[in-house]
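Shown next, in structure tokens, is the structure this report addresses.
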Number of protein chains: 2
Amino acid sequence: MLSKKSKYAIKALVGLAKNHGNEVPLRIAQIAEQEHIPKKFLESILVELRNNGLVHSKMGAAGGYYLAKEPSDIFLSQIIRLSGGPIALLPCVSLNFYESCEECEGGEEQCALHDVMLEVREATVEILAKTSLSDLVEREDRLAKLLK
Amino acid sequence: MLSKKSKYAIKALVGLAKNHGNEVPLRIAQIAEQEHIPKKFLESILVELRNNGLVHSKMGAAGGYYLAKEPSDIFLSQIIRLSGGPIALLPCVSLNFYESCEECEGGEEQCALHDVMLEVREATVEILAKTSLSDLVEREDRLAKLLK
DNA sequence: CAAATATATACCAAATTAGTATGATATGAA
DNA sequence: TTCATATCATACTAATTTGGTATATATTTG
């Protein structure tokens, strides 16, 4: 499971992606309202995303947040990792949050579970690493049209 | 991420699968030692697995645990769900632990993120639902031989 | 300067996770 | 029948994570 933090981070970034190209940045309060995210919590999430180089911010009146890269260059896998969540189902198959299983005595090379979980991670990352913010925005448009 | 509980449940069941066919059940203490799982914690995990019909137990001296079904009929997806863990990355795409996103106003049919996460869940379940305890045991044998 | 904004720091409550403790109960063997 | 070996039931708990909130400060624009 992703944490709410990760989910909120994704939704906030999708919001920023929709605003991409506009001159004026989006205010925290706007994003919070649009995406129904608690404002103060969103604030801390955005600070983290900024520290990780995904967004930039502008202080003062008429300030706010905007993407630091093209929406087509920000991928779900990245967002999830930066907002604190491992993607893998076990620490011993995580690329970015690796930890060995102390209880696995034969070593990971002999662990069948490790093996299967590696497969799962690969299948998951395959999808998440090819889906960008602009893909999500497009997809949303397409879904909206289908339902009209 | 799976909880340790889920990981321990899988490992314990693999242990029981290896013992399958023997007359004598495995004692909690044996499983705990073999798989390096804290004994009292394992005890509570096994009780839950029994309540969910995956294992049977026998009380008293020479008692212990054994599988309630063939190892080829117990799948990772089942174990993970019964030991408390959703497989999906978001509640709104979970089959067994579904919850709607209150903040998703257009409804899930219009949510692009929902759509992607559905894909991820399907890819994950595809692997976990076809991997049985006997597959894991076989796989372990194969890995051991490769490394000899 | 005043208003609108982000920033920094610190705190906090609830839920979840990962167990432990204690004693009762059932079984088999001596 | 008694004793050692098991599971079973119930309750408790410590640590961590999650999901926030509060307060005060710094910066920019008009």
Side-chain angles (χ1 to χ4, degrees), chain A residues 1-12 16 19 23-33 35-52 54-66 68 80 83-86 89-91 97 99 101-103, chain B residues 1-12 16 19 23-33 35-52 54-66 68 80 83-86 89-91 97 99 101-103:
Chain A
M1 274 285 193
L2 297 185
S3 61
K4 289 206 173 182
K5 186 167 144 190
S6 286
K7 188 173 79 167
Y8 290 161
I10 295 170
K11 295 208 165 184
L16 291 176
N19 191 55
E23 284 306 312
V24 279
L26 271 187
R27 277 174 294 121
I28 295 178
Q30 282 181 288
I31 308 174
E33 197 181 351
E35 314 288 339
H36 302 94
I37 302 171
K39 191 187 154 200
K40 280 310 236 176
F41 192 26
L42 177 59
E43 204 172 306
S44 64
I45 293 169
L46 286 170
V47 167
E48 205 176 347
L49 292 176
R50 190 191 40 156
N51 292 337
N52 285 307
L54 285 193
V55 299
H56 288 149
S57 62
K58 196 183 161 193
M59 284 182 90
Y65 280 88
Y66 54 99
I80 293 171
S83 61
L89 289 183
L90 290 180
F97 299 84
E99 273 175 68
C101 295
E102 326 78 34
E103 82 268 12
Chain B
M1 272 288 192
L2 297 185
S3 61
K4 288 207 174 182
K5 186 167 142 188
S6 286
K7 187 172 82 168
Y8 290 161
I10 295 170
K11 293 206 166 186
L16 290 176
N19 191 55
E23 284 305 311
V24 279
L26 271 186
R27 278 173 294 120
I28 296 177
Q30 283 180 288
I31 307 174
E33 197 180 353
E35 314 287 339
H36 302 93
I37 302 171
K39 191 188 154 200
K40 277 311 231 177
F41 192 25
L42 176 59
E43 202 172 310
S44 63
I45 292 169
L46 286 170
V47 167
E48 206 177 345
L49 291 176
R50 190 193 40 158
N51 291 337
N52 285 306
L54 285 193
V55 300
H56 287 150
S57 62
K58 196 179 163 198
M59 284 182 88
Y65 280 89
Y66 53 100
I80 292 172
S83 61
L89 289 184
L90 291 180
F97 298 85
E99 273 174 68
C101 295
E102 325 79 34
E103 82 269 13

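So you know, we letter chains A, B, ... as the sequences are listed, proteins then strands, and number each from 1. The structure presented is a predicted model; accordingly, all values stated were derived computationally and were not measured.
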Rounded distance in Å - [atom1] ([X]) to [atom2] ([N]):
{"X": "B/Lys4", "N": "D/dT17", "atom1": "NZ", "atom2": "P", "value": "11 Å"}
{"X": "A/Ile45", "N": "D/dT21", "atom1": "CD1", "atom2": "P", "value": "11 Å"}
{"X": "A/Phe41", "N": "D/dG20", "atom1": "CZ", "atom2": "P", "value": "5 Å"}
{"X": "A/Gln30", "N": "C/dA6", "atom1": "CD", "atom2": "P", "value": "9 Å"}
{"X": "A/Leu49", "N": "C/dA6", "atom1": "CG", "atom2": "C1'", "value": "15 Å"}
{"X": "B/Glu43", "N": "C/dA21", "atom1": "CD", "atom2": "C1'", "value": "11 Å"}

Need to verify one output field. Residue with the more 5' nearest nucleotide on DNA chain D, A/Lys40 or B/Ile28?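 Here B/Ile28 is the residue nearer the 5' end.
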Which pair of non-hydrogen atoms, one from B/Pro86 and one from B/Phe97, has the smallest distance, and what is that distance?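 Minimum heavy-atom contact is CA-CD1, 3.6 Å.
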Please check the phosphate of [N] (OP1 and OP2 only) for any side-chain N or O of [X] closer than 4.0 Å.
{"X": "A/Ser57", "N": "C/dT7", "result": "yes"}
{"X": "A/Lys39", "N": "D/dT21", "result": "no"}
{"X": "B/Tyr8", "N": "C/dG19", "result": "yes"}
{"X": "A/Arg50", "N": "C/dT7", "result": "yes"}
{"X": "A/Tyr65", "N": "C/dT5", "result": "no"}

Sub-4.5 Å side-chain heavy-atom contact between B/Ser57 and B/Tyr65: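 Of all side-chain heavy-atom pairs linking B/Tyr65 with B/Ser57, at least one is under 4.5 Å.
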